[in-house]
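Notes for the one structure printed next.
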Amino acid sequence: MPLTRPPETLTALRGVGPKIAEALQRLGIMHPRDLIFHLPVRYEDRTQLTTLDALHTQMPVLLEGRIVGHHVAPGRRPQAVLNFEDVTGRARIRLFHFSRAYLQTLGQANAVRLFGEPRWNQGMVEFIHPEIQVYRETPPPLEDRLTPIYPTTEGLTQPRLRDLISQVLNAGPDAWALEELLSLTHRNTRPPLWDALIALHCPARHLPPEPYVERLALEELLAHRLLLMERRRRLRAARAPACAIHIDSRHQLLAALPFTLTDAQARVITEIDADLAEPVPMMRLLQGDVGSGKTLVAAMTALTVLSRGYQVALMAPTELLAEQHLREFVRWYAPLGISVHWLSGSIKGRVRRETLAAIAVGEARLVIGTHALFQDQVVFSKLGFVIIDEQHRFGVAQRLQLHEKGGQTVPHQLIMTATPIPRTLAMTQFADLDISIIDALPPGRTPIETRLVPQTRDLEMIHRIDAQLDTGGQAYWVCTLIEESDQLSAEAAETRALKLQEQLSHRRIGLVHGRLKSDEKGKVMQAFAEGNLDILVATTVIEVGVNVPNAHIMVIENPERLGLAQLHQLRGRVGRGRRESYCILLYGPDLGRDTVERLTLVRDTLDGFALAEADLRLRGPGEVSGTRQTGELAFRVAQLEMHGHLLDEVVTLAEALSGDEATQQRLLDRWIGNRESFAHV
Ligand code: ADP
Ligand code: MG
C-alpha cells in the first residue's frame with residue numbers, strides 16, 4: 001500500500017518499534033528520509049534457479065528441491081546435517097542453529113528453496129547455513145529483480161530493512177520534496193536524482209547501469225570533498241607561530257653531513273619553509289619513497305621552529321622506529337647544542353615525571369616518541385611543530401588531536417609517509433592536506449633485484465644467501481603476520497631463526513618480534529645496525545623506516561599475506577648502500593592467480609607509485625590508506641577505483657559551491673549526516 005503522507009518519524013513506519021528505531025539510529029538513520037540514501041552495498045541474484053549438476057563456482061546460487069532426511073551430529077557444538085535433493089542430484093546442508101521443530105517442518109515441506117554458496121567437501125556439494133525458504137504448496141514464481149543487500153547492524157535483518165526502504169520509496173519523490181543539489185550544467189547529461197535512487201534500490205535483472213551509479217557517486221564525492229574543505233578552512237582560520245628560516249644552524253647541520261641534499265629534498269624543504277613562515281597552521285603531507293631521505297627534511301625544517309623558541313614533537317608509529325629517529329637526531333643536533341628528549345609508553349615512574357615536567361616548562365625542546373606523545377598528561381609549553389612519521393598508520397582524528405596541544409596557537413604539522421598516495425586518494429581522503437613529494441632517491445643507490453622463489457626451494461636459497469654473505473653485507477629475513485596473531489607470528493619467526501642457526505651454524509643470527517620488550521628489541525636492532533649480526537629474522541615490526549645501509553638481502557616469507565605497498569616498503573629496507581641488493585619473495589604453496597599476478601608485479605616494478613595505484617585497484621582504498629583500521633567514513637556508492645574520472649568534476653563543483661553555504665550544508669546532511677562510521681553487512 002503506497003503511503004499518502006510521508007511518515008515523519010521512524011516509529012511511524014510499519015514494523016518499527018523502539019528497538020528497530022534504535023538500530024536504525026546506529027546506522028545514522030534518524031529520519032525516514034535518511035533511508036532513501038541508505039544504499040545497497042551489493043546485490044544477490046535470486047532471479048534464476050540453478051541445478052546441482054550445473055554448479056561450478058562458489059558464487060551464491062538459488063536451488064529448489066526437497067529435504068530428504070537429516071541427522072544431528074553431536075559434539076560441543078551440535079550441528080544438523082540435512083540431505084537436500086533436486087532433480088539433478090544431492091547436496092548436504094549444515095546448520096548450527098536449529099530446533100527439532102524446524103527440522104521437522106523442513107522434512108515435511110513440499111519444496112524448499114535455498115540460497116547460498118556451494119562448497120565442495122569430500123566430493124559432495126555442501127551449503128553451510130544457507131537461507132532456506134519452506135513451501136507447503138507449490139513455490140511462488142521467482143523474484144524478477146536482483147535483491148539489494150544493505151549495510152546493517154545487529155537487530156535489523158535484511159528483509160526488514162528492504163521493507164522499510166520500500167515503504168519510504170513508495171511515498172514517491174514529491175512526498176519527500178527531494179531537491180536536486182547539482183547545478184543544471186552538471187546534471188543535464190545525467191539521470192534525475194530520484195531515478196538514480198530507484199535504479200540502485202530496485203535494480204532490474206542486471207546491476208544498476210553505471211550512469212545511475214555515477215549520478216549518485218558524483219554527489220557523494222562532492223559531499224566528502226566539501227567536508228574536507230570545510231575542515232581545512234577551519235584549520236586555516238587558527239593561528240600558528242610564524243617561523244622564518246634560521247640560516248646559521250642549517251649551514252652547520254649541512255656542513256657536518258657526509259653528503260649534500262638531493263634537489264628533491266631541497267625543493268620540499270623550500271615548500272615547508274614557506275608554510276612555516278606563515279602565521280597559519282601548516283598541514284602538509286610529505287611523501288617520499290623508502291630511503292628518499294625524509295628524516296633529514298624533518299631535521300632541517302624542525303631547526304627553523306626550534307630556533308624561534310618553539311618546541312617540536314616528532315612521533316613515530318613504533319618504538320623501534322622512534323628510537324632510530326632518536327639516535328639520528330641526537331647525532332645531528334648534539335653539535336648544535338640542542339638536546340633531544342624521549343617519551344614512549346615504556347618510560348615510567350620518575351623518568352616519566354621528569355620528562356613530562358621538562359616538556360611542560362619548555363626545557364625539552366625537541367621530543368621524540370610514540371603515541372605516548374598524544375596522551376592528555378603530555379602538556380607542552382610552546383609547541384610549534386608536530387612531525388608524524390609514516391602517517392598511513394594514523395587516522396584523520398589522530399592527526400587533528402595533536403593540534404590541541406599547541407595551547408594559544410595551533411602547531412604546524414608535517415606528516416611523512418612512504419606510501420605513495422594515488423591521485424584519487426589525494427583528491428578525496430587527503431584533500432584537506434597540502435602535499436610535497438620527494439621524487440628522487442639519493443645518488444649511488446643500486447636498483448634492487450627481486451626474485452620469486454617457492455618455499456620448497458628454501459634450502460637451496462639459504463645456501464645462496466650464505467655465499468652472498470661471504471662478500472660482506474647482511475640479510476633481513478621477514479616472517480609475515482599469521483592471521484593477525486602476534487603470538488603465532490612471533491613463534492614462526494622463532495622457529496625460522498632456530499632452523500637457520502642450525503643450517504648456518506657459522507653465522508650470527510638475531511631475532512626481533514613484537515612480543516619482545518622494547519629494550520631487547522632495541523639491543524638486537526642495534527647489533528644488526530652495527531654489523532654484529534649477519535641475519536636478522538624479524539616479523540613485520542621492521543616494516544617501516546629501519547635504516548641499515550649495509551644490509552643488502554631481504555627475504556620475505558609468505559609475501560602473499562601482504563599488500564603490494566607493504567611489500568614495497570619492506571623491500572626498501574635494502575638497496576641503501578652501494579652493494580647490489582636482492583629481495584627474495586619466498587612464497588607458499590597453492591597461490592591463486594591474483595596472488596601470482598600481484599607478486600609478479602612487485603618483482604617487475606620498483607616504482608612505489610605504480611604499485612600503490614595497483615594496490616588501490618586490487619584491494620580497494622580502505623586497505624591502502626589504512627582507513628579500515630582508523631574507522632574513517634566509508635563511501636556508500638562511490639568506489640575510487642571506478643569513479644576516479646569524476647574527481648576533476650567534483651573539484652569544479654566544490655569550487656562553484658564555495659559561496660553557497662546552504663547547498664553545501666544540504667549535501668553534507670544528505671550524504672554524511674550523522675554517520676560516524678559505517679557498519680558492513
Ligand atoms: P626515509 O625517507 O625512508 O625515511 P631516511 O630518512 O631513513 O629515508 O634516509 C635513508 C638514508 O639515506 C639515511 O641513511 C640517510 O642518512 C640517507 N640520506 C638522506 N639524505 C641523503 C642525501 N641527500 N644523500 C645521501 N644520503 C642521504
Ligand atoms: Mg623514514
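One is the number of the first residue; the rest follow in order along the sequence. Indexing begins at 1, ligand by ligand and atom by atom, following the structure's order.
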[X] vs [Y] side-chain heavy atoms within contact, under 4.5 Å:
X	Y	answer
Thr417	Leu286	no
Phe528	Ile535	no
Asp458	Arg496	yes
Val340	His325	no

Using only heavy-atom distances, determine whether the side chains of Gln526 and Glu530 contain a donor-acceptor pair under 3.5 Å.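 Result is yes, a qualifying pair exists.
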
Do Arg571 and Ser581 get their side chains close enough for a donor-acceptor pair, meaning under 3.5 Å?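 No, no side-chain donor-acceptor contact under 3.5 Å.
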
For the student: nearest non-hydrogen atoms of Gln311 and Gly362, plus distance: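 So the two residues come closest at NE2-CA, 3.5 Å.
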
Closer than 4.0 Å to some heavy atom of [X] - which atoms of ligand 1 meet that?
X	value
Thr262	23 (N)
Thr295	4 (O), 5 (P), 6 (O), 7 (O)
Leu261	23 (N)
Thr260	22 (C), 23 (N), 24 (N)

Using 30° and 60° as the class limits, which term best fits the ring planes of Phe374 and His371: parallel, tilted or perpendicular?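 Judged by the thresholds at 30° and 60°, the geometry between Phe374 and His371 is tilted.
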
Pairs of nitrogen or oxygen atoms closer than 3.5 Å, one from [X] and one from ligand 1: do any exist?
X	answer
Leu296	no
Trp332	no
Phe259	no

Given Lys294, Arg573, Gln569, His325, which has its nearest heavy atom closest to atom 1 (P) of ligand 1?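 It is Lys294 that holds the nearest heavy atom.
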
Under 4.0 angstrom from ligand 1, any heavy atom of Ser292?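 Yes, that is the case, since the closest heavy atom of the residue is under 4.0 Å from the ligand.
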
Does ligand 1 have any atom sitting under 4.0 Å from a heavy atom of Ala418?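 No heavy atom of Ala418 comes that close to ligand 1.
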
Determine whether the side chain, the backbone, both or neither of Arg576 has a heavy atom under 4.0 Å from any heavy atom of ligand 1.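 Under 4.0 Å from ligand 1, Arg576 contributes side-chain atoms alone.
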
